There are 2 protein chains.
Amino acid sequence: MSQATLTGQVQGVLDGRWRTIRQQARTELQAGRFGPPREPLGMEAHRSRVSDQMSLLAATGHPGRGFPVEMGGSGDIGASVTAFEMLGHGDLSLLVKAGVQWGLFGGAVANLGTERHHPLVPRIISLDLPGCFAMTETGHGSDVQSLRTIATLDARTDELVIHTPTPDARKDYIGNAARDARMAAVFAQLVTGAGGHGVHCVLVPIRDEQGRPVPGVTITDCGAKAGLNGVDNGRLAFDQVRVPRTNLLGRYGDIDERGVYSSPIENETRRFFTMLGTLVRGRVSVAGGAGAATRTALALAVSYGNRRRQFTAPGSPDEVLLLDYRAHQRKLLPALATTYAVTLAHNDLVSSMHDVQSDPAAPEIAQRRLETRAAGLKVLATAHATATIQVCREACGGAGYLAANRLAALRADTDVFTTFEGDNTVLLQLVAKSLLTGYREAFGGLDNVGMVRFGARQLADALLERTAARTLLARLRDGTGRDDDLPLTSPDRQLRMFADREQHLLEGLVRRLRPAAAPDADAFAILNAAQDHLEATAVAHVDRVTLESFLSAVAGCTDDAARTLLGRVCALHALSTIERHRAWYLEHDRLTPARSKLVTELVNHLCQELRPQAQTLVDAFGIPAEWLWTEMLAGG
Amino acid sequence: MSQATLTGQVQGVLDGRWRTIRQQARTELQAGRFGPPREPLGMEAHRSRVSDQMSLLAATGHPGRGFPVEMGGSGDIGASVTAFEMLGHGDLSLLVKAGVQWGLFGGAVANLGTERHHPLVPRIISLDLPGCFAMTETGHGSDVQSLRTIATLDARTDELVIHTPTPDARKDYIGNAARDARMAAVFAQLVTGAGGHGVHCVLVPIRDEQGRPVPGVTITDCGAKAGLNGVDNGRLAFDQVRVPRTNLLGRYGDIDERGVYSSPIENETRRFFTMLGTLVRGRVSVAGGAGAATRTALALAVSYGNRRRQFTAPGSPDEVLLLDYRAHQRKLLPALATTYAVTLAHNDLVSSMHDVQSDPAAPEIAQRRLETRAAGLKVLATAHATATIQVCREACGGAGYLAANRLAALRADTDVFTTFEGDNTVLLQLVAKSLLTGYREAFGGLDNVGMVRFGARQLADALLERTAARTLLARLRDGTGRDDDLPLTSPDRQLRMFADREQHLLEGLVRRLRPAAAPDADAFAILNAAQDHLEATAVAHVDRVTLESFLSAVAGCTDDAARTLLGRVCALHALSTIERHRAWYLEHDRLTPARSKLVTELVNHLCQELRPQAQTLVDAFGIPAEWLWTEMLAGG
């Protein structure tokens with residue numbers, strides 16, 4: 001088989017279920033129109049460029065894909081996030097700005113609003129109504145349930161009064177707010193005559209048709225950031241701003257014309273997290289954007305390592321290609337293998353999300369599982385992006401530091417991905433907690449108290465009830481540990497080692513948190529002391545789920561050569577992950593010292609074996625050449 | 001003792017031998033004049049600002065400290081690099097631009113030139129003669145011995161003809177070249193009628209008094225970079241540019257008026273590395289700048305973690321300070337402890353350099369050791385800076401991403417430190433090789449051939465001859481491994497564990513490279529396959545030397561409270577380093593699984609114990625409050 005055919009076969013696997021959309025995006029999203037600026041622009045020029053690109057993007061029809069047909073969209077969720085993801089090969093400012101307009105703002109109106117709000121959706125799709133998503137406040141970012149902005153019903157005038165009571169209740173870091181948005185989806189504590197009902201979302205006009213702030217709304221600019229300077233992040237303060245009562249996005253909690261509040265979900269915390277859950281697409285999209293940026297960076301660094309030479313080999317007149325050095329292979333190839341894993345796991349996540357969100361009858365548990373999976377993969381994809389793009393920069397030396405070679409912007413733009421749409425540290429705790437219970441609502445929300453007061457017996461039961469855990473246990477029963485008879489190179493052995501780590505960490509966590517359930521226990525101290533254990537458990541879980549996606553993609557590949565190649569890449573991913581955690585396997589008697597050293601040898605061996613295919617593996621990302629234009633790869 | 005007194009005592013230890021200079025810099029280098037811009041400037045405005053700051057800096061008298069009295073300086077090398085290091089709390093563009101002018105360009109003229117060039121030094125100090133250091137070429141950065149620019153003697157006219165023979169021989173990434181330099185210290189292959197003599201340095205005017213490029217010199221701009229945009233990096237191409245023969249900086253190889261070349265060092269490679277060795281100050285200064293930037297970032301992040309609250313603790317109305325979370329302590333406190341280690345090891349390095357370079361009778365071996373130590377610490381300090389400033393950014397969440405909070409610039413500016421003044425990957429190989437032989441010249445330079453052909457027997461002998469190694473062996477003889485009777489908390493035990501790792505890796509390396517000495521061996525393949533082993537050995541060596549510096553600073557501290565506190569910080573540094581390498585200790589039977597887990601427990605315990613002192617520990621960096629002004633710490 002020719003190299004081009006092999007590349008095509010591998011690309012087919014990576015492109016996945018929405019390959020047609022990817023192919024369409026490859027031709028439609030030309031670098032000239034949607035690509036990153038060739039050189040850094042000042043902030044204002046960059047914002048203006050991205051705004052113009054937003055209009056071009058609106059004209060392509062892609063933004064409508066994510067909205068239901070009855071609201072004027074085309075109702076293909078998977079296609080929507082896949083097209084969005086492809087923007088991640090270009091200017092990430094455009095990706096984020098598009099995510100704010102169509103994902104967060106549009107998503108809030110579509111998913112939290114009712115039929116009285118849905119007529120706005122076509123105007124949001126067409127960009128006739130630019131908006132923003134005003135959730136984060138200066139004082140509360142991760143703990144959004146404690147937001148302080150207030151929306152008080154004035155029953156006499158049938159209005160909601162939006163107010164910023166303290167400086168730290170100011171809406172902060174709001175994308176699209178500093179320059180373009182005319183309306184904000186404002187999250188605020190809803191108060192009626194009957195009392196407070198927790199955080200809800202209200203549509204508040206913030207600028208008039210001429211782009212001037214409306215009375216009572218103070219808009220300031222967050223100014224320059226480390227990256228993403230094409231996005232106009234701003235701050236919003238409200239001084240008793242009045243909007244019609246009906247501006248409340250009332251799907252999960254509404255106020256009728258008599259001023260009476262009602263909700264289909266009684267528990268306030270559960271209601272809030274149900275609302276948040278509908279916005280899972282944002283988190284999935286961040287993971288997708290991070291993945292695309294990582295693939296771009298690797299395509300640049302591997303191509304550079306394949307043409308840049310330094311130092312002469314003994315007995316040879318030629319200088320050695322960087323990628324022929326083991327140290328260089330070690331930098332790039334395990335990261336490349338894990339990028340394959342993240343890409344394939346992301347494809348599966350998008351597919352699940354599409355199925356769950358396209359099915360009105362999908363059970364709530366499916367939605368909760370989707371949220372856990374999205375949170376976990378968001379952490380993995382964004383942390384991997386930060387680490388890998390950095391390694392790519394370093395692997396390109398000084399060339400990697402020049403703006404003309406793009407790695408600088410990729411690095412700076414993606415840096416905040418580990419923070420926004422859920423801080424990674426907070427998300428890992430959330431994933432671990434959801435693993436502990438299986439059902440988030442069983443302990444009344446995400447707060448630490450509920451979590452640790454939740455009885456240990458219930459924890460253990462919930463654990464056993466989970467289908468995934470049962471499968472694991474069945475698998476594990478037939479042997480793990482150092483005496484495993486399968487070789488380390490066996491995918492089954494690798495998966496068992498991943499599953500075993502997850503299971504053992506999870507069981508240890510249950511035991512460790514049990515004392516917190518005692519009535520006189522210092523629950524915070526116990527939970528806080530276990531934070532690193534929670535993180536390790538969550539990471540082990542995400543690792544296992546990700547490896548399963550990779551293995552299943554390999555198994556499903558019908559082309560022999562592509563399957564063999566992907567199998568090796570999967571082995572490099574699995575073994576380099578085991579190598580990174582080998583201290584754990586040694587400490588828990590899962591690897592002997594000799595086998596642990598063997599893992600490192602196998603990783604080195606796989607690097608050497610895959611080195612000749614490194615270019616094929618980045619070519620199979622299918623990134624159009626014009627999107628990869630850089631000074632360091634031009635000519636030569 | 002009051003907290004302020006304790007802070008002062010700890011600061012005294014960190015300030016070290018040149019504390020007076022540090023104190024002077026604290027008052028002289030006011031943030032208003034020398035600090036970073038409050039908001040990002042466009043590239044041209046930033047360059048212009050830094051140029052103006054260079055003039056202000058020249059007026060302070062600091063730049064003269066590093067030059068000998070007989071050349072118009074004040075001849076205090078330690079004071080010079082310490083004052084320079086203090087710039088690392090401000091705008092790193094100024095630090096780098098100053099380093100180019102006075103460290104690299106001035107250093108080349110002073111150290112590679114002869115009395116015919118030294119009259120230029122006062123003009124360099126005063127900035128009357130702005131210059132640049134033109135070593136790196138497009139095609140050769142790490143392998144500078146293979147540079148392709150040519151300096152050919154034209155004996156008829158008594159001139160050297162400087163020429164760029166191919167596009168990749170273009171001088172590239174040259175700081176100060178794009179805008180300000182009027183003269184370049186150009187590294188080129190020197191050719192006379194008698195043949196080639198290897199790389200030498202020649203002074204070449206590149207701009208006239210009006211700042212226009214001189215005929216034959218083409219200057220282009222490298223354009224925007226990820227950071228350091230106040231530094232004007234440029235490219236230089238020479239088209240048969242003629243300069244007087246006497247422009248050759250001839251200390252290590254000169255041409256007389258008859259056109260005859262002579263050198264005090266016969267071996268060409270040794271001569272070149274001797275020249276490079278005189279420039280060690282640049283590498284030391286980069287490590288110092290990285291250290292100062294790291295301390296700045298930690299001072300910001302710890303202060304933020306000490307005032308930012310998120311989520312409510314069960315049973316308490318108050319939200320929890322970020323720094324009270326274990327996950328947050330884990331992010332910042334081990335990094336803080338290692339920052340202490342790096343700072344103290346750097347102080348020792350500066351002190352050694354001062355002593356060696358101030359002593360005309362210092363033996364060559366002392367210079368070689370200094371170079372190895374400088375290379376190793378440059379790697380540790382810059383890699384630690386990249387990782388730690390990133391963690392600080394993440395620990396400050398979205399606030400860390402705003403330009404107004406400085407972490408963005410610190411991160412972007414220091415990113416290239418792992419690459420310039422010696423790529424870290426290349427330097428680690430160099431450190432390992434110098435450990436293998438003790439004497440670099442014994443294998444004729446740094447090339448791979450010489451290195452691996454160098455007989456195994458000689459390697460082993462050289463190893464035993466080294467004083468440091470002998471001390472180690474003596475120490476190690478009385479017990480290491482899992483049966484060590486000292487507790488893990490004992491500094492002696494910790495140091496032995498560091499030394500044992502270094503020693504074992506080094507001995508393994510000798511055995512592993514032995515086959516390469518066989519005449520028919522594929523020396524490149526053997527050395528290449530061992531690159532990760534070389535890196536690990538070098539890291540272990542640097543870790544050990546760094547811990548020794550820390551332990552000796554603790555031992556030398558005369559204040560009880562400060563000594564106790566520093567002892568704990570040192571233990572956290574040592575144990576978190578052991579924790580990071582615990583897989584190695586487990587694989588080599590130096591830790592039982594139970595003890596390995598205990599290491600993690602001890603690290604957690606020390607984090608908790610040091611948490612109340614975290615602010616004291618960053619206050620003791622002695623960074624003036626106005627240098628730490630950021631939006632996120634203002635008010636509140």
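Bear in mind that the values here come from a model prediction, so they are computed numbers and not experimental data. Letters A, B, ... are given to chains in the order of the sequence lines, protein chains preceding strands, and every chain is numbered from 1.
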Does a side-chain heavy-atom distance below 4.5 Å link A/Ser142 with B/Phe311? yes
Can you find a pair of side-chain heavy atoms, one from A/His140 and one from B/Glu319, that are under 4.5 Å apart? yes
What part of B/Leu228 gets within 4.5 angstrom of chain A, counting heavy atoms only: side chain, backbone, both, or neither? both
For A/Thr312 and A/Val320, work out which heavy atoms get closest and say how close. C-CG2, 4.3 Å
State, without any angle test, whether A/Gln390 and A/Glu394 hold a side-chain donor-acceptor pair at a distance under 3.5 Å. yes
So which of A/Gly223, A/Ala529, A/Gly141 has the largest heavy-atom pair count under 4.5 angstrom toward chain B? A/Ala529
In terms of heavy-atom pairs under 4.5 Å, which option from A/Arg308, A/Glu39, A/His581, A/His588 contacts chain B the most? A/Arg308
Does any backbone or side-chain atom of B/Gln329 lie under 4.5 Å from a heavy atom of chain A? Answer side chain, backbone, both or neither. neither
Residue part contacting chain A, namely of B/Arg309, when any heavy atom lies under 4.5 Å: backbone
Can you tell which of A/Leu407, A/Thr136, A/Asp423, A/Thr425 has the highest number of heavy-atom pairs within less than 4.5 Å of chain B? A/Thr425
Winner by heavy-atom pair count (cut-off under 4.5 Å) against chain A, out of B/Thr600, B/Asp532, B/Asp172: B/Asp532
Could you tell me which portion of B/Asp324 (side chain, backbone, both or neither) has an atom closer than 4.5 angstrom to a non-hydrogen atom of chain A? backbone
Report which part of A/Ala412 has an atom under 4.5 Å of a heavy atom belonging to chain B: side chain, backbone, both, or neither. backbone
Inspect the contact between B/Asp168 and B/Arg148 and indicate whether a charged nitrogen and a carboxylate oxygen are less than 4.0 angstrom apart. yes
Decide yes or no for A/Arg411 and A/Thr386: does some side-chain heavy atom of the first lie under 4.5 Å from some side-chain heavy atom of the second? yes
Greatest number of heavy atom pairs closer than 4.5 Å to chain B - which of A/Gly398, A/Pro167, A/Ala408, A/Ala399: A/Gly398
Among the listed options A/Asn229, A/Thr138, A/Thr419, the residue most often paired with chain B at heavy-atom distances under 4.5 Å: A/Thr419
Pair A/Glu535 + B/Arg330: basic N to acidic O under 4.0 Å: no
Under a 4.5 Å heavy-atom cut-off, does chain A meet the side chain of B/Asn604, its backbone, both or neither? side chain
So which part of B/Ala594 gets closer than 4.5 Å to some heavy atom of chain A, the side chain, the backbone, both or neither? neither
Residue from B/Gly397, B/Gly139, B/Ala387 scoring the most non-hydrogen pairs under 4.5 Å with chain A is B/Gly139
Just wondering, are more than 12 heavy atoms of other shown residues or ligands nearer than 6.0 Å to NE2 in B/His533? yes
Side chains of B/Asp589 and A/Pro593 in contact at under 4.5 Å (non-hydrogen atoms): no
Proximal component of B/Ser316, with respect to chain A [non-hydrogen, under 4.5 Å]: neither
Enumerate the side-chain hydrogen bond (donor to acceptor under 3.5 Å, both in side chains) contacts for residues 396-409 of chain A, please, sequence neighbours excluded, ordered by first and then second residue. none
Among A/Cys222, A/Ala327, A/Pro40, who wins on heavy-atom pairs under 4.5 Å with chain B? A/Ala327
